[in-house]
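Values reported hereafter were calculated over all heavy atoms of this structure, with side chains retained and with hydrogens, waters and symmetry mates removed.
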Amino acid sequence: MSTPPLAPGPFGGPQAQQAAREVNTATLCRIGQETVQDIVYRTMEIFQLLRNMQLPNGVTYHTGTYQDRLTKLQDHLRQLSILFRKLRLVYDKCNENCGGMDPIPVEQLIPYVEEDGSKNDDRAGPPRFASEERREIAEVNKKLKQKNQQLKQIMDQLRNLIWDINAMLAMRN
């Protein structure tokens, strides 16, 4: 099957049309972001419709309203399906365009922020990454749980001692 020759367009012929078809990755990411925002908006509308919709329990009080909302719901679901397909195409195209790049672990892309609010720079020494901070927080949490367990044991022992003292005082009277 042969394709018809491209007619010269207002921008200078087939080369300009070919360039218009080639979209850079940044534009694809923007389109993907807008698509995700549309998906979130449509999903919120679907939940709003579902919240306002009555269950079909046999009561035909507002049949017209129910049918109208059901039609809107089906339309939103159809549009949501189209948006997900569009997002999949954008995702595949971005992966195709970025195929030669080496992936960098996400943990290395997140710099550590010091307690005083200033970011670590390469001049100030090697930066601490979020994975290191997460590990340190886990260690501190473990120590904190151990200390809490020790305090609980001490409180239980004190409670028992006070109970015994109160029992002896009650027996003496």
K.L.:
Side-chain heavy atoms nearer than 4.5 Å, only ILVMFWY residues, links allowed to pass through others: does that put Val36 and Leu83 together?
P.N.:
yes

K.L.:
Going by side-chain heavy atoms closer than 4.5 Å, which hydrophobic residues are tied to Ile165, directly or by a chain of links?
P.N.:
Leu161, Leu169

K.L.:
Is it the case that the side chain of Ser81 and the backbone of Leu77 share a donor-acceptor pair, with hydrogens and angles ignored and the cut-off at 3.5 Å?
P.N.:
no

K.L.:
For Leu50 and Arg69, run side chain to side chain contact (heavy atoms under 4.5 Å, CB included): C-alpha distance rounded to whole Å, both residues' side-chain angles, the deciding distance at 0.1 Å, then the answer.
P.N.:
CA-CA 9 Å; Leu50 288 173; Arg69 288 181 180 165; over 6 Å; no

K.L.:
How long is the span from the CG atom in Asp75 to the CZ atom in Arg42, to the nearest 0.5 Å?
P.N.:
7.5 Å

K.L.:
Could you give me the CA-CA distance, side-chain angles and deciding distance for Lys147 and Gln150, then say whether side chain to side chain contact (heavy atoms under 4.5 Å, CB included) is met?
P.N.:
CA-CA 5 Å; Lys147 291 292 182 183; Gln150 289 174 350; 3.7 Å; yes

K.L.:
So do the side chains of Lys72 and Asp68 get within less than 4.5 Å of each other, counting heavy atoms only?
P.N.:
yes

K.L.:
Would you say the side chain of His76 lies within less than 4.5 Å of the side chain of Gln79, judging by non-hydrogen atoms?
P.N.:
yes

K.L.:
Between CG of Leu151 and CG of Leu158, what distance do you get to the nearest 0.5 Å?
P.N.:
10.5 Å

K.L.:
In Å, rounded to the nearest 0.5 Å, how long is the span from CZ of Arg88 to OG1 of Thr35?
P.N.:
13.5 Å

K.L.:
Just by distance, with hydrogens left out, do Glu45 and Tyr41 show a side-chain donor and acceptor under 3.5 Å apart?
P.N.:
yes

K.L.:
Rounded to the nearest 0.5 Å, how far does CD1 of Ile137 lie from CG of Leu144?
P.N.:
12.5 Å

K.L.:
What distance separates Ile31 CD1 from Asp38 CG, expressed to the nearest 0.5 Å?
P.N.:
11.5 Å

K.L.:
Considering all heavy atoms of both residues, which atom of Leu73 and which atom of Ile46 are nearest to each other, and what is their separation?
P.N.:
CD1-CG2, 3.7 Å

K.L.:
Passes side-chain hydrogen bond (donor to acceptor under 3.5 Å, both in side chains), Arg51 versus Gln48? Steps please.
P.N.:
CA-CA 5 Å; Arg51 187 169 34 140; Gln48 183 71 25; 2.3 Å; yes

K.L.:
Answer yes or no: is there a side-chain heavy-atom contact under 4.5 Å between Arg159 and Asp156?
P.N.:
yes

K.L.:
Show your reasoning for whether salt bridge (charged side-chain N to carboxylate O under 4.0 Å, His left out) applies to Glu139 and Lys142.
P.N.:
CA-CA 5 Å; Glu139 291 173 6; Lys142 184 177 178 184; over 6 Å; no

K.L.:
Roughly how far apart are Met155 CE and Asn148 CG, rounded to 0.5 Å?
P.N.:
9.5 Å

K.L.:
Are Met171 and Met168 close enough that some pair of their side-chain heavy atoms sits under 4.5 Å apart?
P.N.:
no

K.L.:
Ignoring hydrogens and angles, state whether a donor on the side chain of Asn24 or Thr27 is under 3.5 Å from an acceptor on the partner side chain.
P.N.:
yes

K.L.:
In terms of hydrophobic clusters joined by side-chain contacts under 4.5 Å, are Leu49 and Ile82 together?
P.N.:
no

K.L.:
Looking only at heavy atoms, what is the nearest atom pair of Gly32 and Leu87, with distance?
P.N.:
O-CD1, 3.8 Å

